[in-house]
Amino acid sequence: MSTRSLLTFLGHSTVLLDLSGVRLLTDPLLTDRLGILHRHSRSLRDAFGDLGVDAVLISHAHHDHLHLPSLRLVPGRPQIVLPRGLRALMPSGREIHEVDPGQGVSIGAVRVTALAARHQVRRHPFAPLSPALGFLVASESTRIYFAGDTDLFPEMSDLAGKVDVALLPVWGWGPRLGVGHLDPERAAEAVRRIRPRVAIPIHWG
C-alpha cells in the first residue's frame, strides 16, 4: 500500500487528500459558479471523471460547503462523513457517517476524527441551527487538520504538536466577513496555537 501523502487544493474549501492510498475530498464545491462565487480556473467537472474518491468530508450545512450538485459530480459512491442531523440531505444509496465532536470513522488505513468548530449554521434563513465540524485526518505518517469554517476557539490549542498540515480558512466568500470566520490575522493566530509543520490557506478569493 502506498504511504505517500498528497494534497491538491481545488478552490474554496475543497481539498483532495491522498493518504496511504485513501482519497478524501473536503467540502466539495466543483461547479463553475455558486452565487457570487465564480471559478476562474478550468472546469473541474471533466477532471474528476478519472478520480476515485473513497470518502467525502462535510464540515457543515452552508450551501458553499454542503453543495448537493457538487456531491452528484463526485464519481462513484464514496462514503460521506458529516455533522449529526444532516443525513436527510444526503443522496440515497450512500454509506453515511453522522458524527459529533470526538467521534471517529476509519476509511481504509485513515482515521477521521470530528472536532468542534465555532461557526453558526443555518441551511437557509428559517432552518434550525445545525452543528459545524472540523476534522483531524490521520494516516500512519501524516496528520491533517481541516478546519471547515470556524472562528478561533480555546480547544485549538489542544492540537499543538498533533498536526503536520493545517488547512485553515483565511477569509469569507462575500464582501464582508461575518462572525464565525477566520480572517488572515486570526488565521495566523490559529497557526500560532496549533503549531502545524505546514499551514495552507483555504476559503479565500
Side-chain angles (χ1 to χ4, degrees), residues 1-30 44 48 51-60 64-66 70-71 74 78-83 97 99-119 131-171 181-182 184 186-205:
M1 178 180 293
S2 170
T3 59
R4 64 177 183 166
S5 299
L6 299 174
L7 292 86
T8 306
F9 177 55
L10 300 174
H12 204 54
S13 288
T14 308
V15 183
L16 181 66
L17 312 178
D18 190 335
L19 290 84
S20 298
V22 177
R23 278 185 159 169
L24 308 174
L25 191 65
T26 66
D27 287 352
L29 183 59
L30 307 177
L44 291 177
F48 255 76
L51 289 179
V53 175
D54 298 292
V56 173
L57 310 182
I58 303 291
S59 65
H60 63 285
D64 57 323
H65 295 260
L66 173 47
S70 291
L71 272 179
V74 179
Q79 301 177 52
I80 299 175
V81 184
L82 77 171
H97 305 278
V99 292
D100 296 311
Q103 293 184 320
V105 176
S106 292
I107 312 291
V110 171
R111 185 69 175 172
V112 177
T113 303
L115 303 176
R118 181 165 292 178
H119 186 69
L133 298 175
F135 293 101
L136 183 65
V137 180
S139 69
E140 184 177 346
S141 60
T142 306
R143 295 163 298 180
I144 298 172
Y145 171 50
F146 169 65
D149 267 359
T150 189
D151 206 339
L152 293 168
F153 57 94
E155 293 81 3
M156 274 186 174
S157 299
D158 296 340
L159 292 171
K162 301 176 182 178
V163 174
D164 297 301
V165 179
L167 304 171
L168 296 173
V170 300
W171 205 249
H181 294 88
L182 297 174
R186 294 171 76 77
E189 171 61 20
V191 171
R192 188 190 69 80
R193 296 183 186 187
I194 298 167
R195 303 203 306 271
R197 293 173 57 196
V198 177
I200 299 176
I202 61 173
H203 203 286
W204 53 269

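All values reported here derive from a predicted model rather than from experimental measurement. Every heavy atom of this structure was used, including side-chain atoms; hydrogens, water molecules and symmetry mates were not.
- Residues meeting the side-chain hydrogen bond (donor to acceptor under 3.5 Å, both in side chains) test with Asp54, sequence neighbours left out: none.
- Contact of the Leu136 side chain with the Val163 side chain is registered, since non-hydrogen atoms from C-beta on lie closer than 4.5 Å.
- The shortest non-hydrogen separation linking Ile194 to Met156 is CG1-O, 3.8 Å.
- Residues passing the side-chain contact (heavy atoms from CB on, under 4.5 Å) test with Ala116 are Pro101, sequence neighbours excluded.
- In this structure, the side chains of Ile80 and Ile58 come closer than 4.5 Å at one or more pairs of heavy atoms.
- Partners of Ser70 by side-chain hydrogen bond (donor to acceptor under 3.5 Å, both in side chains), not counting sequence neighbours, listed by chain and number: His67.
- Taking each heavy atom of Pro83 and Ser59 in turn, the nearest pair found is CG-O, 3.3 Å.
- Using a 4.5 Å heavy-atom cutoff, the side chains of Leu152 and Leu182 are in contact.
- With rounding to the nearest 0.5 Å, the separation of CG in Leu10 from CG in Leu16 is 6.0 Å.
- Take Arg193 and apply the side-chain hydrogen bond (donor to acceptor under 3.5 Å, both in side chains) test, not counting sequence neighbours, and it matches Glu189.
- From Leu133, atom CG reaches atom CG of Leu57 across 10.0 Å, with rounding to the nearest 0.5 Å.
- In terms of modelled atom types and a separation under 3.5 Å, the side chain of Thr113 and the main chain of Gly102 share no donor-acceptor contact.
- Although no hydrogens or angles enter the test, the distance criterion places a donor-acceptor pair under 3.5 Å between the side chain of Thr14 and the main chain of Leu29.
- Once rounded to the nearest 0.5 Å, the distance linking CG of Asp158 with CZ of Phe153 reads 8.5 Å.
- By the 4.5 Å heavy-atom criterion applied to side chains, Asp18 and Leu7 are not counted as neighbours.
- Note: Leu19 CG to Arg111 CZ = 15.0 Å, rounded to the nearest 0.5 Å.
- In terms of modelled atom types and a separation under 3.5 Å, the side chain of Ser13 and the main chain of His65 share no donor-acceptor contact.
- For the pair Leu24 and Val112, the minimum side-chain heavy-atom distance is below 4.5 Å.
- Separating the CG atom in Leu71 from the CG atom in Leu30 is a distance of 8.5 Å, to the nearest 0.5 Å.
- Among residues two or more places apart in sequence or in another chain, the side-chain contact (heavy atoms from CB on, under 4.5 Å) test is passed with Val191 by Leu168, Pro196, Ala199.
- Looking only at side-chain heavy atoms (C-beta outward), Phe135 and Val81 come within less than 4.5 Å of each other.
- Every residue two or more places apart in sequence or in another chain was checked for a side-chain hydrogen bond (donor to acceptor under 3.5 Å, both in side chains) with Arg195, and none qualifies.
- Looking at His203, its side chain does come within 3.5 Å of a backbone N or O of Trp171 through a donor-acceptor pair.
- The only member of Val165, Thr26, Val198 that meets side chain to side chain contact (heavy atoms under 4.5 Å, CB included) when paired with Ile144 is Val165.
- In this view, Phe9 and Val15, Ile202, Trp204 satisfy the side-chain contact (heavy atoms from CB on, under 4.5 Å) rule, not counting sequence neighbours.
- Using cut-offs of 30° and 60° for the angle between ring planes, the His119 and His60 rings count as perpendicular.
- Here Ala117 pairs with Ala132, Thr150 under the side-chain contact (heavy atoms from CB on, under 4.5 Å) rule; sequence neighbours left out.
- For the salt bridge (Lys or Arg N to Asp or Glu O under 4.0 Å) condition, the pairs that include at least one residue of residues 159-169, sequence neighbours left out, are Arg143-Asp164, Asp164-Arg197.
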Apply side-chain contact (heavy atoms from CB on, under 4.5 Å) to the pair Val99 and Leu82, showing each step before the final yes or no.
-> CA-CA 6 Å; Val99 292; Leu82 77 171; over 6 Å; no
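- Using a 4.5 Å cut-off on side-chain heavy atoms (C-beta onward), Val137 and Thr142 make no contact.
- Side-chain atoms of His12 and Asp27 form no donor-acceptor pair, as typed in the model, at a separation below 3.5 Å.
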